[in-house]
Amino acid sequence: MKLVLIGCPGAGKGTQAKMLSKKFDIAHISTGDLLREQIKNGTELGKKVQQIMEEGGLVSDDIVSAMLAERIQADDCKKGYILDGYPRNVEQAEGLYDIVGDLDKVICYEVEDKVIVDRMVGRRSCPNCGKMYHISYNPPKTEGVCDECGTALIQRKDDNEETVVNRLKVYHETTAPVIDYYEKKGILLRTNGVGDINEIFENVCKALEGIK
Ligand code: AMP
């Protein structure tokens, strides 16, 4: 199964992608995570993209598309994959078609901008096990510490108000046209990204019934 998850930053794509990946036993590929890994490892590529990411801009298509093309060759992608954060513009969507052909479904998580800033500025994650928290809506039992593994939680550098506002602007200008692109192809599934995480997940699973 080949899926793409679309939605503005903070729409919940990462959380839903992890749940779908577990259910369908297919790889979860987040281009944002792949890029953050490069920064963490201090690679040349990481140095090139760090500032752009901290400002909330888009990394060049060449870099991201080459990284993605390599990642989907890995063994864990043989049964399928969920792309989270890619494609982010129509050029990337066209490039993706050239690499993998037709997708099974593109799921668009719809959330209004006014909900997003609050969601993202309070977002924290565990750098060890990846578990996500929110300081008000889903706090850990002990402030600043992961419930699962006891690691100190971190805040993404680009989850501050100024950068989030810029990321939303980039999303509306550049990524929103990708939604029309897939709508015209007849594979778009729009879903409400606000509400109970499990309910959002179940709604999508129902819509995916019958796809292998
Ligand atoms: P995300 O974790 O998906 O919110 O991505 C974090 C940042 O990584 C974005 O704000 C971009 O700077 C960069 N990024 C991730 N995916 C892409 C992509 N497909 N194209 C360009 N830049 C990307």
Side-chain angles (χ1 to χ4, degrees), residues 3-22 26-77 81-89 92 95-96 99 109 116-117 119-135 138-140 142-171 174-175:
L3 302 177
V4 160
L5 307 193
I6 296 193
C8 60
K13 303 184 296 295
T15 303
Q16 295 292 327
K18 284 193 188 87
M19 294 165 86
L20 290 164
S21 155
K22 209 166 164 194
I26 54 178
H28 166 204
I29 303 175
S30 153
T31 43
D33 283 350
L34 293 176
L35 291 164
R36 279 185 288 276
E37 191 69 22
Q38 297 283 336
I39 295 175
K40 197 170 127 201
N41 294 337
T43 65
E44 279 309 309
L45 195 150
K47 284 177 199 148
K48 238 189 223 174
V49 302
Q50 185 162 15
Q51 196 186 347
I52 302 169
M53 287 178 69
E54 281 174 14
E55 288 167 359
L58 287 188
V59 172
S60 81
D61 291 349
D62 294 357
I63 292 180
V64 187
S65 301
M67 208 176 60
L68 182 92
E70 192 189 324
R71 176 65 186 85
I72 57 179
Q73 300 299 321
D75 277 354
D76 67 335
C77 293
Y81 39 80
I82 300 159
L83 304 184
D84 156 15
Y86 188 96
R88 259 188 161 84
N89 58 35
Q92 290 183 8
L96 181 63
I99 309 171
Y109 294 90
I116 293 297
V117 177
R119 259 198 199 183
M120 296 189 73
V121 173
R123 190 159 80 160
R124 300 290 181 273
S125 66
C126 173
N128 181 44
C129 70
K131 194 166 161 62
M132 303 290 296
Y133 298 88
H134 187 283
I135 52 170
N138 177 26
T142 309
E143 196 186 322
V145 179
C146 180
D147 294 345
E148 301 291 324
C149 65
T151 306
L153 300 180
I154 54 167
Q155 179 178 25
R156 267 173 56 168
K157 271 202 170 154
D158 56 354
D159 278 351
N160 63 75
E161 190 161 346
E162 191 189 343
T163 308
V164 170
V165 169
N166 191 36
R167 287 162 71 195
L168 282 170
K169 185 168 169 273
V170 169
Y171 175 78
T174 316
T175 309

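Because only heavy atoms are used, hydrogens play no part in the values below, and waters and symmetry mates are left out as well, while side chains stay in.
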Asks: Quick check: do Pro140 and Cys146 have side-chain heavy atoms less than 4.5 Å from each other?
Replies: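 Of all side-chain heavy-atom pairs linking Cys146 with Pro140, none is under 4.5 Å.
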Asks: Kindly give the heavy-atom pair with the smallest separation between Arg119 and Gly12, and that separation in Å.
Replies: NH1-N, 4.0 Å
Asks: Counting C-beta onward and ignoring hydrogens, is there a side-chain heavy-atom pair between Ile29 and Asp84 closer than 4.5 Å?
Replies: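 They are not in side-chain contact.
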Asks: So, do Leu35 and Val59 sit near enough that their side-chain heavy atoms are less than 4.5 Å apart?
Replies: yes
Asks: Once you round to the nearest 0.5 Å, how far does CG of Asn41 lie from CZ of Arg36?
Replies: 13.5 Å
Asks: Look at the side chain of Thr31 and the backbone N and O of Gly85, then say whether any donor-acceptor pair between them is shorter than 3.5 Å.
Replies: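 Yes.
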Asks: For Arg123, is there an ion pair with Asp158 - N to carboxylate O distance below 4.0 angstrom?
Replies: no
Asks: I would like to know whether Ile39 and Met53 meet side chain to side chain contact (heavy atoms under 4.5 Å, CB included); could you show each step before the answer?
Replies: CA-CA 10 Å; Ile39 295 175; Met53 287 178 69; 3.9 Å; yes
Asks: What are the two closest heavy atoms between Gly14 and His28, and how far apart are they?
Replies: O-CE1, 4.0 Å
Asks: To the nearest 0.5 Å, what is the distance between CG on Asn128 and SG on Cys149?
Replies: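 One finds 4.0 Å between CG of Asn128 and SG of Cys149.
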Asks: Taking the side chain as everything from C-beta on, heavy atoms only, tell me whether Ser125 gets closer than 4.5 Å to Leu153.
Replies: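 Result no, sub-4.5 Å side-chain heavy-atom pair not found.
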Asks: For the CD atom of Gln38 and the NZ atom of Lys47, what is their distance to the nearest 0.5 Å?
Replies: 11.5 Å
Asks: Looking at Tyr133, I'd like to know if the NZ or CZ of Lys131 sits under 6.0 Å from its six-membered ring centre while staying within 45 degrees of the ring's axis.
Replies: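 Yes, a cation-pi geometry.
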Asks: Compare all side-chain heavy atoms of Thr174 with those of Arg88 and state whether any distance is below 4.5 angstrom.
Replies: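 A side-chain contact is absent here, since even the closest heavy-atom pair is not under 4.5 Å.
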Asks: Determine whether more than 12 heavy atoms belonging to other residues, nucleotides or ligands lie under 6.0 Å from atom CD of Gln155.
Replies: yes
Asks: I would like to know whether Tyr81 and Ile72 meet side chain to side chain contact (heavy atoms under 4.5 Å, CB included); could you show each step before the answer?
Replies: CA-CA 8 Å; Tyr81 39 80; Ile72 57 179; 4.2 Å; yes
Asks: Strictly below 4.0 Å, N to O, side chains only: are Arg71 and Asp76 in salt-bridge contact?
Replies: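 So Arg71 pairs with Asp76 through a salt bridge.
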Asks: From Leu5 CG over to Leu83 CG, what is the distance, rounded to the nearest 0.5 angstrom?
Replies: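 Those atoms lie 8.0 Å apart.
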Asks: Mind listing the closest non-hydrogen atom pair of Val64 and Gln92 along with its distance?
Replies: CB-NE2, 4.5 Å
Asks: Can Ser65 and Tyr86 be said to form a side chain to side chain donor-acceptor pair (under 3.5 Å), step by step?
Replies: CA-CA 9 Å; Ser65 301; Tyr86 188 96; 2.9 Å; yes
Asks: Partners of Asn160 by side-chain hydrogen bond (donor to acceptor under 3.5 Å, both in side chains), sequence neighbours excluded?
Replies: Thr163
Asks: Taking salt bridge (charged side-chain N to carboxylate O under 4.0 Å, His left out) as the definition, give me every residue that meets it alongside Glu143, ordered by chain and number, with sequence neighbours left out.
Replies: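 Applying salt bridge (charged side-chain N to carboxylate O under 4.0 Å, His left out) to Glu143 gives none.
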Asks: Any non-hydrogen side-chain atom of Val49 less than 4.5 Å from a side-chain atom of Ile63?
Replies: yes
Asks: Decide yes or no for Tyr109 and Ile6: does some side-chain heavy atom of the first lie under 4.5 Å from some side-chain heavy atom of the second?
Replies: no
Asks: Only one of Val170, Leu168, Thr175 passes side chain to side chain contact (heavy atoms under 4.5 Å, CB included) with Cys8; say which it is.
Replies: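 Result for side chain to side chain contact (heavy atoms under 4.5 Å, CB included) with Cys8: Leu168.
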Asks: Specify the closest pair of heavy atoms between Tyr171 and Pro9, including all atoms of both residues, with the distance to one decimal.
Replies: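 Looks like CB-CD, 4.0 Å.
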Asks: In the structure I gave you, are the side-chain heavy atoms of Val4 and Leu96 within less than 4.5 Å of one another anywhere?
Replies: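 Yes; the side chains approach each other to less than 4.5 Å.
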Asks: Please report the interatomic distance CE(Met67) to CD(Glu37), rounded to the nearest 0.5 Å.
Replies: 10.5 Å
Asks: Name all pairs fulfilling the side-chain hydrogen bond (donor to acceptor under 3.5 Å, both in side chains) condition that reach into residues 13-22, sequence neighbours left out, sorted by first residue then second.
Replies: none
Asks: So, does Thr43 use its side chain to make a donor-acceptor pair with the main chain of Gly46 at under 3.5 Å?
Replies: yes
